[in-house]
Amino acid sequence: MLSLNFIRENVQEVIDRLAIKNFNGGEIIGRIVDLDNQRRETQKKLDDMQSQSNILAREIGVLFQSGKASEANTLKQKTAELKDSAKTLDLQFEEIKKELDDILVRVPNLPHHTVPPGKTPEDNLVVMQEGEALPAAATAVPHWDLTTQYDIIDFITGNKITGAGFPVYKGKGARLQRALINFFLEEALKAGYTEVQPPYMVNAASAYATGQLPDKDAQMYHVGLDDLYLIPTAEVPVTNIYRDTILKSQDLPVKNVAYSACFRREAGSYGKDVRGLNRLHQFDKVEIVQISHPDTSYEILEEMRNYVTGLLRKLELPFRVLKLCGGDMSFTSALTYDMEVWSSAQARWLEVSSVSNFETFQSNRLKLRFKDETGKMQTAHTLNGSALALPRIVAALLENNQTPEGIIIPKVLVPYTGFEVIN
RNA sequence: GGAGAGAUGGCAGAGCGGUCGAUUGCGGCGGUCUUGAAAACCGUUGACCUGCAAGGGUCCGGGGGUUCGAAUCCCUCUCUCUCCGCCA
């Protein structure tokens, strides 16, 4: 969430920048400032009352100890009155605070000043492209047919066991998954990331801290009996490692990498976008997370972007990088790059990674801070990105590398798969 | 799942109704000494809200209650530990 102080001091700027995300903030920001003023006023009064009753309580204590009971009892009467009015005021205070908190968490992050305006994915900016988006050969087969042909991913059986969007990977399909996960983890280690294995379920406080709640409630699987959420991405548990934490400046940047399964309800998705591996309810992903000094977070964002494109290059996949427009960005992000690979048989780009800088938006909720060089407390910046999500990488590999002899595995993966071709 | 014990500052650990945001030790920071370091000694050392400041307020796992006054008493939730049961 945005910090109250920042909103108070930059009302017009906040409204203007929210407009780039197509968020009409005029009314809501006004309400926030108004509520915050009420909050301060009420707290001041409350503090004064509290101060008075603290003084009285101390006096009463002294009187009792020196045996002046009757004088003490007179003072007691006074505190009773104070207590009554404090109680009323306290209720008001709680109400104000609750409304303020509720509104505040529904305001999205401000976009970085370089974010292009726009409403739909068509307005995203293509910042680079490598490799050619070749049209499909007449004989090209989409991956959902290849997976059946080579018997490596079984959607039908997954359907029986669980439901749509929960495929079963078999034989070389399963081994390819494992190879990709290991390849991505090993590459991240080489780049200086520390590997972590997080829980796959999180409590509401964690989901709230990274911004999945209350905004994306319906996208997560919820285990009602224990009130836990299945993680939609390792970002949630990994970032929450640092909830309620004060780091030292020499700890920064924190670089973590985690493999996890990811679970998404994908409510509202339909059509050919969800065919085959394009959109699953359970999928595998290796996620990189960094916590940085505010001064360097945008350099780090570029570093992460270059890291991810490096992976795609090694996998020999044609890809492009998009800078997302205001309308296509997530609630929590200040700047996001999407990486897309070309899927030849579907003749479309598939998003395989999203790298974002959240600035202090998550940190404010996480209460993630660090002591800077001078010993002053500062709010850290958080960043994360997929490196990479598996299903669409697999889809692209299958479609782009299909030959009459089978699917050719990229050279860099062979040490991990133990085979060179799926046939 | 059953029985018991506990949750206090970065860590360890006192306090069990009044002057306690909290004794003490360790750790951290600053200093003296030293060529430097160690040791020793001295000093210092939490977060948050509010205020220009002085100051005021809140926080002893979370929430509620009793009381003029609660870290201390009561209720409740969560978590941790020990024992038993079950189990990868």
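Proteins come first, then strands; the chains are lettered A, B, ... in the order of their sequence lines, and each starts at number 1.
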### Query
With a 4.0 Å cut-off on heavy atoms, is A:N54 in touch with a base, just the backbone sugar-phosphate, or nothing at all?
sugar-phosphate

### For atom CD of A:E41 and atom C1' of B:G56, their distance in whole Å
17 Å

#### Entry: 5' precedence on RNA chain B between A:K87 and A:A80 (nearest-nucleotide basis)
A:K87

### Spacing of A:L63 atom CG relative to B:G69 atom C1', expressed in whole Å
13 Å

#### Entry: ring pair (Phe, Tyr, Trp, His ring centres under 6.0 Å) partner of A:H112, chosen from A:Y337, A:Y298, A:F361
A:Y298

### Task
Could you state the atom-to-atom distance from CG of A:D251 to C1' of B:G10 in whole Å?
13 Å

### Whole-angstrom distance between B:G17 and B:C26, as gauged at atom P
30 Å

### Query
In terms of ring plane angle, is the pair A:Y193 and A:Y307 parallel, tilted or perpendicular, where the classes change at 30° and 60°?
tilted

### Task
Check whether the side chains of A:N256 and A:Y242 place a donor and an acceptor atom closer than 3.5 Å, and report yes or no.
yes

### Summary
In whole angstroms, the gap separating C1' of B:U58 from CG of A:D48 amounts to 14 Å

### Task
Tell which nucleotide pairs with B:G55, taking only Watson-Crick or G-U wobble pairs whose two distances are both under 3.5 angstrom.
B:U50

### Query
Does a side-chain N-to-carboxylate-O contact under 4.0 Å join A:E187 and A:K190?
yes

### Query
Would you say the side chains of A:Q92 and A:T42 form a donor-acceptor pair under 3.5 Å?
no

### Query
Looking only at atom P, what distance separates B:A14 and B:G6, rounded to whole Å?
12 Å

### Task
Please figure out whether A:L46 or A:I60 has its closest RNA chain B nucleotide nearer the 5' end.
A:L46

### Message
Distance check, P atoms only: B:U76 and B:A3, in whole angstrom units.
### Response
14 Å

### Message
What's the gap between B:A12 and B:A7 when it is taken at their C1' atoms, as a whole Å value?
### Response
14 Å

### Euclidean distance for C1', B:G46 against B:G9 (whole angstrom)
6 Å

### Query
Of all the nucleotides listed (B:G57, B:G18, B:U67), which has the minimum atom distance to the side chain of A:K83?
B:U67

### Query
With distance as the sole criterion, is a donor-acceptor pair present between the side chains of A:Q149 and A:Q402 under 3.5 Å?
no

### Footprint string (nucleotides 46-52 of chain B, 5' to 3'): B base within contact, S backbone only, - free, heavy atoms under 4.0 Å
-SSBSS-

#### Entry: Nucleotide B:G64, atom C1' - distance to CD of A:E94 in whole Å
13 Å

### Identified pairing partner of B:C16, criterion: Watson-Crick or G-U wobble below 3.5 Å
none

### Summary
For A:K323 and A:P116, the nearest pair of non-hydrogen atoms, with its separation, is CD-CD, 3.9 Å

### Query
Expressed as a whole number of Å, how far does the P atom of B:U24 sit from that of B:G15?
15 Å

### Query
With a cut-off of 6.0 Å (strictly less than), are more than 12 heavy atoms of other residues, nucleotides or ligands near CD of A:E95?
no

### Query
Is B:G27 paired to anything, Watson-Crick or G-U wobble with both distances less than 3.5 Å, and if yes, which nucleotide?
B:U45

### Query
Is there a Watson-Crick or G-U wobble partner for B:A40 with both distances under 3.5 Å, and which nucleotide is it?
B:U32

### Residue that, paired with A:S343, satisfies side chain to side chain donor-acceptor pair (under 3.5 Å) out of A:H143, A:E399, A:R392
A:E399

### Task
Strictly below 4.0 Å, heavy-atom distances to any atom of RNA chain B: list the hits from residues 194-210 of chain A, or just say none.
none

### Rounded interatomic separation in angstrom, taking CD from A:Q52 and C1' from B:C68
14 Å

### Task
Scan every strand shown for a Watson-Crick or G-U wobble partner of B:G4, both distances under 3.5 Å, and answer none if you come up empty.
B:C81

### Task
Kindly assign one of parallel, tilted or perpendicular to the pair A:F183 and A:Y416, based on the angle between their ring planes and the thresholds 30° and 60°.
perpendicular

### Task
Could you measure between the two C1' atoms, the one in B:C41 and the one in B:U34, and give it in whole Å?
14 Å

### Message
Less than 4.0 angstrom from a charged side-chain N to a carboxylate O is my criterion; do A:E13 and A:R17 meet it?
### Response
yes

### Task
Please state how far atom CG in A:L75 lies from atom P in B:C68, giving the value in whole angstrom units.
13 Å

### Task
Please state the C1' separation for the pair B:U80 and B:A88 - nearest whole angstrom.
23 Å

### Message
Can you confirm whether more than 12 heavy atoms, excluding those of A:N24, are under 6.0 Å from its CG atom?
### Response
no

### Query
Counting just side-chain N and O atoms, does A:Q50 come under 4.0 Å of either OP1 or OP2 of B:G56?
no

Please list each protein N or O that sits under 3.5 Å from an N or O in nucleotides 26-28 of chain B, with the distance.
none

### Query
What integer distance in Å separates A:L56:CG from B:U19:P?
16 Å

### Query
For the residue pair A:F370 and A:H293, is the inter-centroid distance of their aromatic rings smaller than 6.0 Å?
yes

### Query
Taking 4.0 angstrom as the limit, do A:R31 and A:D34 come out as a salt bridge?
yes

